[in-house]
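A short write-up of the structure that comes next.
Whatever order the structure lists them in is the order used to number ligands and atoms, beginning at 1.
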Amino acid sequence: MIARLNAPDYDRWAAQIRATAGCRQPIHLRGKVEHYDGATGQLLHRYTTRHEPDGILRLPCKTRRASRCPSCAEVYRSDTYQLIRAGLVGGKGVPDSVTAHPTLFATLTAPSFGAVHTRRERNGKVLPCHARRDAEACPHGRVMSCTAKHSPDDPCLGEPLCPDCYDYTGSVLFNALAPLLWKRFADSLRRRLAKHGGLPLRELREHLTVSFAKVAEYQRRGVVHFHAVIRLDGPGGPTAPPPSWATTDALAQAVRHAAHVVSALVPALEGQPARLFKWGAQLDIRPITLNGDLTEQAVAGYIAKYATKAAECVGTLDRRINPLDNLDAYNLKDHPKRLIAECLRLATVEGLAELRLADWAHMLGFRGHFSTRSRRYSTTLGELRAARERHAREQEITTGRLPLFDEDTILVISEWTYAGKGYSVADQLIAAAITGTRVPDIPGGAR
Ligand SMILES: [Zn+2]
Ligand SMILES: [Zn+2]
Ligand SMILES: [Zn+2]
């Protein structure tokens, strides 16, 4: 720390750290950017990292995972919030008239894979977890009843009443098939709406666009639920109104139908019968209104929050697991450890290879994206990012850091190589002081 603070280039180092806005694991790049006059070939401007502290440029890691880098995930969260909100009330290129389009917030759940400890509330009162008056013992000798009124942070929440009865195979396969189930749901929804409008499916897009933004949320038991904003637009997206027959009621009815009928089959494999997976019976469909129960801020906040979370709440790891590793060394709780072990076991079963369960064992089988939007939902994260970069670039030009060139006539040659990431322990402490961020519990990122 003393060496860093006394270094002659400390100010430039500190400026780099400030520019990463508290990133916990900045990416190190080595390289150069050269601007040439396209006509004469004359070198107009050169930037190289050779004169930077340690000969590198540090850039934010831009992860979405709050567990890996809270600062970068916060940027992703607020971008997601802005674009979900734009799809509900307009803005960022979406007209305000979108508020009049039929829009629902739907939650598609996973089925049960065995009784787990839960916190249940009714009218503000906490109810007993699984009170069964004459519950019988399971084949493993456990009585399948729990009369505890669990507190919200009770560590047993989400854990099975009997881990030996719990259907770990089903839980992991459901997560693996959830993206396919979602796709089939979206297809079925379009088919149902076409039927309602008396149109062949192939003509639907000339009349109606189904736009959606969805996010996956892990339940504590380790399965994913999907929350989705589903909106009906005219042809081409939110700028046109949907046809008059495409009402909120018609949408709700089609969502209910599609969620009920779709399924995904896992054929019989090595000593296991075939299994048919469907969404759970719990289906929540609510209208989004500007001043009712469920406001657009609440929905945008909800989706943005889960967009930066993965399966951490289940107690799994936030990085890939080597199938040859000894799981006991990770110090996991029994339930997530069994889910991961089941992923690793099923990964070796012939016929399931395409689910790539070993690669996604740390995600308990789910390999989809946490947060996705259909193309026409609103603006994109890329456009929001580009707008921010344009702004930063204009600032650099006005403060004289970048020369102002006519872009058409300039040849830009850049060359970058990856040179590591993270901080030494000393740098981490100084960086935390500069950016006002918390020092993570694990000291020092690897270089
Ligand atoms: Zn970061
Ligand atoms: Zn319980
Ligand atoms: Zn049992």
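Around the Zn ion (ligand 3), the two atoms SG of C162 and SG of C165 are separated by an angle of 120°, to 10 degrees. Vertex the Zn ion (ligand 1), arms ending at SG of C61 and SG of C69: the angle is 110° after rounding to 10 degrees. Taking the Zn ion (ligand 1) as the corner point, the angle from C72 atom SG to C23 atom SG is about 110° (rounded to 10 degrees).
Side-chain contact between F105 and I303: present, with at least one pair of heavy atoms (C-beta onward) separated by less than 4.5 Å. Using a 4.5 Å heavy-atom threshold, the side chains of V116 and Q219 count as separate. Between T308 and T80, every side-chain heavy-atom pair lies at or beyond the 4.5 Å cut-off.
Checked against the Zn ion (ligand 2), the N, O or S atom of H117 at the shortest distance is ND1. Taking the Zn ion (ligand 3) as reference, the nearest N/O/S atom within H140 carries the name ND1.
Between Y423 and H28, the gap from one ring centroid to the other reaches at least 6.0 Å.
Look at H130 and the Zn ion (ligand 2): no N/O/S atom of the residue is under 2.8 Å from the metal. At a cut-off of 2.8 Å, H150 is counted among the residues with an N, O or S atom near the Zn ion (ligand 2).
The aromatic rings of H117 and H150 lie perpendicular to each other, with more than 60° between the two planes, well past the 30° mark.
A cation-pi arrangement is not found for R18 relative to W13, the charged atom failing to lie both closer than 6.0 Å to the ring centre and inside a 45° cone about the ring normal.
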